[in-house]
Amino acid sequence: MAAKGLADKVRETQVWKSIFRHGPPDNARNRAAVVAGNVFLHLHPIKLKKSGVQLGYTWCMGGLTFFIFLALTVSGVLLMFYYRPTAEYAFNDIIALREHVPLGIMREIHRWGAHAMVITTWLHMFRVFMTGSYKPPREFNWGVGVILLVLTLLLSFTGYLLPWDQLAIWAITVGANMAKATPFLGHGGPGASLAQIGDFVLVSDKNDVRFQLLAGRFVGEPALLRFYILHCVFIPLVVGTLIAVHFWRVRKDGGISAPL
Amino acid sequence: MSEARQSLNRREFFSYLTVAWVAFGAACGGMLSLAFRYSYPNVNFEPEMEFIAGTPDMYEEGVDERYKNGMGVWMVKLEGKLFALSNICTHLGCIPNWLPAELKFKCPCHGSGYYMSGINFEGPAPRPLERYAINLTPEGKIKVDKTKVYRWEKGQWDHPNSYLEV
Amino acid sequence: MRELINWIADPIRSFPIVCVLFYLMMKYYRVVGSKKFLYVALAVIIPTAVWFAADPNFFTILILPDNIPIIILLVLVGYLTWFSLHKAAINDERIEQGLGPVEGTPENREKVWCWPNLVYTELFAIIAATSFLIVWAILFKAPLEEPANPTWAPNPAKAPWYFLGLQEMLVYFDPWMAGVVLPGVVVVGLIAIPYIDTNPKGNGYYTIAERPVAQWGFQFGWLVLWIYLIIVGTFLRGPNWTFYGPFEYWDYHKVVAEYNVNLSEFMWIKWLNTAMPENMFVREILGILLSLAYMIVLPPLTAATKYGKMMIEKVGQMRYYIFVVLLLLMMSLPIKMVLRWLFSLKYIVALPELELNL
Amino acid sequence: MKKLEPGMAYDTNKLNKIFAFLSVLFLMITVWVFLDDYIRPWKAVQLEAMQIKKQKLQAKLEEAEKEINKDKLESLKKKMAEAEKVVAERRKEIRKVEKEQTVVQKKLKAETILNGTLNSQVAAYTFKYEQAQLKNKSNKAVIFAKLKENKKLFAESKDRMKEYQFQKKALFKKKEKLQKEVLSIEREIKSMTTTRDLIAKAVEKTKMGPIFALRNSPLIDYLDPTLKIEQIVLDNITDDRYFQHVPRVDRCITCHTFIDQPGYEDQPNPHKTHPNLDLMVGKDSPHPMKSTGCTTCHGGEGHRVNDFTSVAHWPQNEEQKKEWIEKYDWHEPHRIPSPMLKVSQTEASCVKCHQGVEFIPGATVLNEGRRNIEKYGCYGCHKIEGWEHKRMPGPSLQKIASKIDKEFFKNWVWDPKSFNPHAMMPRFFGQSNNSQPKHMVKNVAEVNAMAEFIWDKSKAYKPFMKYTGGDVERGKELTAQVGCMGCHGVQGMEEISDKIGAYAGPYLYGTGSKVDPDWLVSWLKKPDHYQEDTIMPSFRLTDREVNDIAAYLMTLRNKKFEGYRFEEMDKEARDSILMGYLSAFDTEEGARAKLAKMSDRERTLELGYRSVGKYGCYSCHNIDGFEGRAPIGPELTHEGSKPLTQFGFGLQKQVEHTRDGWIKAHLLDPRRWDIGIDKPFKDLTRMPNFYLTEREAETMTVAIIGQVNEKIPLKGVKRLNANEKIVEDGMKVVNKFNCIGCHQIDGYRGDILAKYEDDLNEGPPRLNGEGHRVQLDWFHYFLDNVYPIRPWLKVRMPSYNLTDKERNTIVTMFQYKAEQKALVDRSKVVDWQPGEKEAAWKLWEEMACASCHTAGFNNDDPSAPNLYFARRRLRPSWIKKWLYDPQAILPGTLMPNFWVDGESTSPDILGGDPERQIDALTKLMYDFGTEKLPTKNTNYWSKQ
């Protein structure tokens, strides 16, 4: 009784009221107000079709993807406190994260989270395909989703280099060598040997897309820095923006799909 | 308001807007292209992959080992051709030795053997040694470029940059 | 038994088997989608999995920390594939009976409050996911190998697991195809799906019967060409990217008999019994013609068939041709695989002078 | 006002206009950004360099063109036409060969495929068989059979391959043979024109055509530019970034394009070739550009390229400064810790990598500066790391009372140069900051007190010999001949003294006014009797010789100085100075009480003690009571890195406001900083005045600014290997005892040889490859038991007061310097062939060896060493080398060469084979040589 009285008292304070402008969500009006009045929740519609909340229908993969993205952002920011993207320190800092930094599973959370995000993204796409949810009016949002999927893979790929161990540099070397084979843009790709005027070499290992990606001819310190920036700043910004577009369109295109 | 004036107005409107958008687009394009150019550094801190290997008259018929330790290259003069042979065994990446008495390269790790030309003939090596690009500078000096690799099994040993006629 | 499985697992044999299984699954999805089938399948799969894991060689690969996500993926994909077949089977049966899909029933179309229904669902998912992630993180350390050493490459040097499908493609295609063109086609193709698939049915509910082409095409690419290749790349490729059976020890010295021959060599040496011409385009003329025929002549030919005409009528010329071209590009991979296995064919077009090998 | 559409705040037209205006502005700014980024000063320099290169290449091209024999080329071309006709007639045959070639080509290709397949089969079956063996499978026999079969097939295929390859080669040769006329002429033409063609190609590259413009145009100048920043990354030389050392990057070569390429010596900077390519920057020099860089020696900001000043270029002189201001808008670089060194001071940088060595070959100025530092003993008062092993620069004062008198001492201390113009002792008094009477009176008190104090501390010493008078002329001659002048200048022989420039010992000036003759004879006879650790050696002089030399030295007088009477101490002044000391830690009253308790003598001694400490006399002289006291001056180890703000320039506006400017000014007149500044007596600058010459100060400045705190990584510094370390340790001992004052060691020093310019053979022997010449045990013995070797020499090898360790160090130094084994087994040298010994004696006779090496063979005066002792002394391999060509070892030696150009003068002995003859003579010397070493009682010039 007393507890309840206290809760009510808190609810009546000016502070509480200034933050939450509605009563407890136990009636229609307040349920609507909760969702509409909260900046985080207002992504949701106030009411939605029942199938949209059924796990058997949605698998919740999209939501999980977004949540894992947030978890990765937080854990990634925390990792950045202890990690220096330089050839001298990168590896040692990873060791440090494992050996003496408090909460020694931060890197594990980030890494497994990254893998989980790849999986949930794929399965999200799989579900959306299975329910035919890309069909009009959601064609554009499917496209945004595909790009987000590619960016998710790129995020994971750029992060792969940062531990600066053998696994990292050789996986990235294998990956970057594919860029080398880009037709006309990579020096090992079709047509590169034709792009030459006299002794002016238009496509060489010093100016092709792989060089741009790695800031060098091999995976070296400049590549580490570049991947770090891509991983921590550039791609997350793009992904964040596209997620906003994606969500906006989900709402504008009629929420979670259902039979017409 | 007469027809003529209205159309003139429209033309005027059209031209200002065109100029504005074209200029704006060009400027943005320019700025973006600068950002693109920014991604290519002007200097490079990577290790040297090119070196000057003296002059052609420095070499006698056979295998020259003077650049083996520093640059990982054997300079081989064979049948009027001078080429730069990689010293990395194609089996597991050990470093073979040149045995002048037996006229062959022999890898001490697993016994791969190569002829003077670099072609494998014994042991587990799956393919011949690689050759590097070799050129003559205007000063008449030999320039070896290790970034360009020529492989026999790809038929690249006929490439004019894979050897030097001497 | 183990040797038999090792023998079967080789892509030469396992790929056709997987294709057949895929065909059976899609054809008899109503059987596969039944609960009974699930129980039977589980009864078979779980002991088999345990038996697999009991092998020391397979176990070593299995519990590599970086392979854990693949196991999770496999479990989820397996279950969710069955689950979606299950839902589709139910819906298709209802549709046949004229009832419409489950999702369309009035009780499922009822509007419900977001709070607490959806918000709580999400909250539960978040809590569950967080817990799962933390447990995962505690149980398995993130992998860390020797410090980076640019002078010594580990063998095998593998890309991250989600790109292993692409790396597996490298066996059959040069990097410009496997690493650039085909992935590009995948992305473009995926984005193009809603614009090609104009079938208005199957929007918002599970069904296979109402959209067979889309289902067969997508599922083949997703399950066979993507997931299966990742499995091969992860578990069945060892040092030197040589094939190793699941129970086989990764012996660095393993050699497989493999010597591949270009189409042009077949043509000039074997069939025409003459030396290879000097000019590279003359030399590769057959391959070039065949490739062009595959991409340019084949689509109009298919358009002339019964199915082709039917489809063009439905979706129009433009969509049809884009669809066929994408399909052909997708099918180029299995075709090249089969050619490699049957004829030891290296390149259809071999123009190393231009780095243009196909 | 115009009426707007409803819902509009602005007129759309107007908006469009503003939009257009801003966009155009934005576009213009974009262009500006491009230009700003694109136009860089170094590009202009590189374009200029390209022009220069072009000119040079064109000149070369013309030269190459000239070298081609035009007529020959013409005729070759004519011949070519004929040859082509000849070859054309063989068209049919050639075509036939070509057809055959196609067939073989096909066979080869088909075989290659088969071979490859079989090869992979063999490899796979090998593995399978191994596995089957390992697991003992039932089918291993089957696999083995297959393996065998495949191996067989593979071997067969391989043979066929070889066969086809052979055919291919044969056909190729056949074809070549059919075309041989054309091919050979082609080859000839090519060989004639290769050089020219290559240069022509290079000239082509320097042309600025459209491709050049495209390559270097903005935006795409990342593809493959020709104008670009060039850099050298020095992993072994680092920049100190205080938290971290990072590899240094030098981009100087961006503008100094040709610095490492010979052929541009005539160009102005920055296009000039380095003036000393053999030592610096050159590819084969010990300091190649890629590992040494530029700023390592020159200093400055090597990683900057965009502005002449920011690089921290520094002008050599006012003239250059003016030129740079005009040309490059130069100004003093700000906020740069170490700007470039002036070109004349670049050698300063050698020190940071070449540590722990006495002498750096090629660093002339630096070596001179370091020699001057040693001469004036800067390291006595100023600690310099790496100089710790040096002796105290001044003589010990522990027994001074027996050597000179107090009056002399005071006058000397007051002004050393007034007694001896060559004195190395600097002057403390009568300087610009202490010449006022109020200071003079206190200085006089201090000098008096110091004398009292030092005399009080001085231990008793009694000379063991009495001066009995001698022949002045003979004395003078002995002084000149015996070798004194290797270490001392001598009054009365100024010209030759100046030439030698010796400084290890004091210049003997006015000696007669200074010392007591009994002390002098004792000192000359046995220097370590007076001072145990002296480096003054004994020349084993007879009593007569000693007296003669003393007689001469006693004639050297400085009458004027003798006439000086030093002022008496002003006791008030003394007390007032003492009060200053005492009150430093006490109240005025307390100090007064303390002073009052002291007796007059105690006060004087106290002031003496305090003054010795104040002026730091103990830093250069051993004085009892000051053992273990730190030297008086600030440490100079890192003087070259001292921030400029830590140098006090006082009011000396005319002094250049740089590190080297301050140091040089300071060396020339250390007291100048006090000028115009009011300081109490006790705070006056005390660094004494050495009255250095401009040159001395300049060279010492170079040596001092080289003392930087830059930490060059171990890989970057010159690391002495084990041999070099031993040599360096030896050189330290050699320097300590000033052996190089007389002996030239492999071309280094040998100061006294200046006296023997007319005939070097009269001077002390030059030690070229001495470690090869002599046996180690002999050398070790000789250093302790000096005996005359060369009968004609008047100059004497003295006996040094060496410890056993020092002797060993010297001996091993020579051994390692000449890269020799420790010993040669003497017993194995003589191994006569039949008739060889007789032949050797015959040669001995024919060459008349005994006419010079008379000792033991006839009674003539010897004019060459006694060969009986050669067995113990010389190594056989050296004897051979020496006999073969003495001039090659000692240019100018009197030893004749009997085998000029390998031709024997006695062709009938031993077949005239020089090698066998020399061998025989060497054996002969070993054969008759004695095992005994000479002792004190030996007659060196007789047969043993």
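A, B, ... follow the sequence lines: proteins, then strands. Residue 1 opens every chain.
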Within the side chain of A/Gln212, is there an N or O that forms a donor-acceptor pair under 3.5 Å with the backbone of B/Tyr40?
-> no
Answer yes or no: does atom [atom1] of [X] have more than 12 heavy-atom neighbours from other residues, nucleotides or ligands under 6.0 Å?
X	atom1	result
A/Phe218	CZ	yes
B/Lys77	NZ	yes
A/Phe234	CZ	no
B/Lys143	NZ	no

Nearest atoms (heavy-atom pairs only) where B/Pro41 meets A/Ala215 = CG-O, 4.5 Å
Between B/Phe45 and chain A, which part of the residue has a heavy atom less than 4.5 Å away: side chain, backbone, both or neither?
-> neither
For the residue pair B/Ser39 and A/Arg226, establish whether any side-chain heavy-atom pair is separated by less than 4.5 Å.
-> yes
When rounded to the nearest 0.5 Å, the distance separating CD of B/Glu46 from CD of A/Glu221 is 11.5 Å
